[in-house]
Amino acid sequence: MKLSEKEKKGNREAFAKMSLGEKISYLFTYYKFPFFTGVIAVLFLIVTGVHELTKKEQVFYLACVNTAFGDTLNSELTDGFLKYLELDPKKTEVIEYKDLYISEDASAENHEYAYASKMKIIGAISARKMDAVLMNREAWEEMSQSGFLKDLTTLDPELVKEIEPYAETNEVIIDDNAVEYRLNEAEEYVYTSEQVLNGIRVNSFPIFQKAGLEGDVYLGIIENTIHPRRSSAFVTFVMEGK
């Protein structure tokens, strides 16, 4: 019901005569819903503003598959790389995917974990949120056969010359009848493949020598990386790192 001007004036005069406690009680009783709505809106704006101001730009995505490194090496591969790129770690970050495990011969107790890891890898690659990967030989073979790794000969010629003593070829499946074979529509698995230079053995690089690696570790660049220059820079970084 709309109040008349006389009624509004009377209410204003009555409110003015109230004590502070009475005024607070009055406002809380009649205006608590819009008051709390306003408070929530203000808090939301504050939280959103703080998040935007403190949010870091994700400049590189690194995956560690079938490999695990200590805190020191992990820090060198992430914060150390940011420093190498002359980027502010307060505003930028390297996202590192850890504890990923893939294997065609995973035991029963590890099969679900291996499957989940492979789905995570495929999801990250599909979302173009994976640039480079450090992996053991088994993972390198899996990633290579799936066509996930970039042909390193397509990099800058000068960089190709530098990595040549450490780079190795691996099999990439070009075409196969995997679907038909799994559906029992083919008697045998048939495929065509080629050898591609897509892995760099990093064990002899200083940054990895002091890490006490067990077995060979390879570095690969993801085929559809959205950071090709930073991926090349990462290769140079791990080669030159101390």
Side-chain angles (χ1 to χ4, degrees), residues 58-85 93-104 106 113-114 116-125 127-152 155 159-160 162-172 196-242:
Q58 298 174 348
V59 298
F60 195 70
Y61 300 90
L62 174 66
C64 297
V65 184
N66 295 16
T67 56
F69 307 124
D71 293 339
T72 300
L73 182 53
N74 279 326
S75 179
E76 290 177 345
L77 294 171
T78 53
D79 295 340
F81 185 47
L82 290 177
K83 185 178 180 180
Y84 178 81
L85 295 175
E93 64 180 337
V94 172
I95 299 300
E96 184 181 12
Y97 302 103
K98 300 179 183 179
D99 303 322
L100 295 174
Y101 171 75
I102 58 175
S103 174
E104 282 296 320
Y113 185 71
S117 291
K118 191 164 188 177
M119 290 301 100
K120 185 174 182 178
I121 291 169
I122 292 173
I125 291 175
R128 305 195 75 179
K129 289 190 174 183
M130 189 177 291
D131 297 305
V133 54
L134 289 165
M135 55 209 152
N136 71 353
R137 187 170 190 88
E138 181 183 20
W140 176 37
E141 291 175 353
E142 288 286 316
M143 298 284 285
S144 178
Q145 289 177 13
S146 298
F148 293 154
L149 303 178
K150 190 176 187 66
D151 182 348
L152 299 177
L155 301 178
L159 181 57
V160 174
E162 292 181 22
I163 65 176
E164 188 175 3
Y166 315 99
E168 299 180 19
T169 62
N170 208 333
E171 186 179 41
V172 176
V196 177
L197 193 78
N198 58 15
I200 304 169
R201 187 175 176 275
V202 301
N203 294 64
S204 61
F205 299 156
I207 192 174
F208 290 99
Q209 276 188 328
K210 60 186 180 182
L213 300 179
E214 293 184 7
D216 292 337
V217 174
Y218 293 86
L219 167 63
I221 297 176
I222 298 301
E223 173 63 35
N224 70 343
T225 172
I226 61 171
H227 300 121
R229 291 185 179 179
R230 286 178 185 159
S231 296
S232 294
F234 186 76
V235 173
T236 303
F237 165 72
V238 297
M239 290 181 66
E240 297 178 350
K242 304 297 182 182

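Source: prediction; values computed, not measured.
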Enquirer: Indicate the ring-plane relationship of Y113 and Y101, choosing parallel, tilted or perpendicular according to the 30° and 60° boundaries.
Expert: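 Answer is parallel, since the angle falls under 30°.
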Enquirer: Run the salt-bridge test on E142 and R137 with the 4.0 Å N-O cut-off and return the result as yes or no.
Expert: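 Salt bridge: no.
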Enquirer: Decide side chain to side chain contact (heavy atoms under 4.5 Å, CB included) for N203 and F208; before the verdict, give the C-alpha distance in whole Å, the side-chain angles of both, and the deciding distance to 0.1 Å.
Expert: CA-CA 6 Å; N203 294 64; F208 290 99; 5.9 Å; no
Enquirer: Restricting to side chain to side chain contact (heavy atoms under 4.5 Å, CB included), what partner residues turn up for T236, sequence neighbours left out?
Expert: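 Expected list: Y84, L159, E240.
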Enquirer: If every non-hydrogen atom of V94 is compared with every non-hydrogen atom of T78, which pair is closest and at what distance?
Expert: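 Distance-wise, the nearest heavy atoms are CG2-O, 3.7 Å.
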Enquirer: I'd like to know if the side chain of D216 pairs up with that of W140 as donor and acceptor (distance under 3.5 Å, no hydrogens or angles considered).
Expert: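 The criterion, which ignores hydrogens and geometry beyond distance, is not satisfied for W140 and D216.
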Enquirer: Report the distance from atom CD of E223 to atom OG of S146, rounding to the nearest 0.5 Å.
Expert: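 Atom-to-atom, E223:CD and S146:OG are 13.0 Å apart.
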Enquirer: Applying side chain to side chain contact (heavy atoms under 4.5 Å, CB included), run through L77 and V238 and close with a yes or a no.
Expert: CA-CA 8 Å; L77 294 171; V238 297; 4.2 Å; yes
Enquirer: Quick one: side chains of residues 129-136, donor-acceptor pairs under 3.5 Å with protein atoms, not counting sequence neighbours, listed by atom name and distance.
Expert:
from: D131; atom 1: OD1; to: T225; atom 2: OG1; distance (Å): 2.7
from: D131; atom 1: OD1; to: H227; atom 2: ND1; distance (Å): 3.4
from: D131; atom 1: OD2; to: Y61; atom 2: N; distance (Å): 2.8
from: D131; atom 1: OD2; to: H227; atom 2: ND1; distance (Å): 3.0
from: N136; atom 1: OD1; to: N66; atom 2: ND2; distance (Å): 3.4
from: N136; atom 1: OD1; to: E138; atom 2: N; distance (Å): 3.4
from: N136; atom 1: OD1; to: A139; atom 2: N; distance (Å): 2.9

Enquirer: Less than 4.5 Å apart, any side-chain heavy atom of Y97 and any of C64?
Expert: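 The answer is no, as the side chains (C-beta and beyond) never meet within the 4.5 Å cut-off.
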Enquirer: Any donor and acceptor pair, going by atom type alone, linking the side chain of R230 with main-chain N or O of F60 inside 3.5 Å?
Expert: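 Pair absent, no side-chain N/O of R230 close to backbone of F60.
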Enquirer: For the side chain of T169 and the backbone of V196, is there at least one donor-acceptor N/O pair under 3.5 Å apart?
Expert: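 Not a single qualifying donor-acceptor pair exists.
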Enquirer: Short question: side chain of N74, backbone of G70 - any donor-acceptor pair under 3.5 Å?
Expert: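 Looks like yes, one N/O pair under 3.5 Å.
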Enquirer: Would you say that M143 contacts I102 through its side chain, given a criterion of any heavy-atom pair below 4.5 Å between the two side chains?
Expert: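 Yes, close enough: below the 4.5 Å cut-off.
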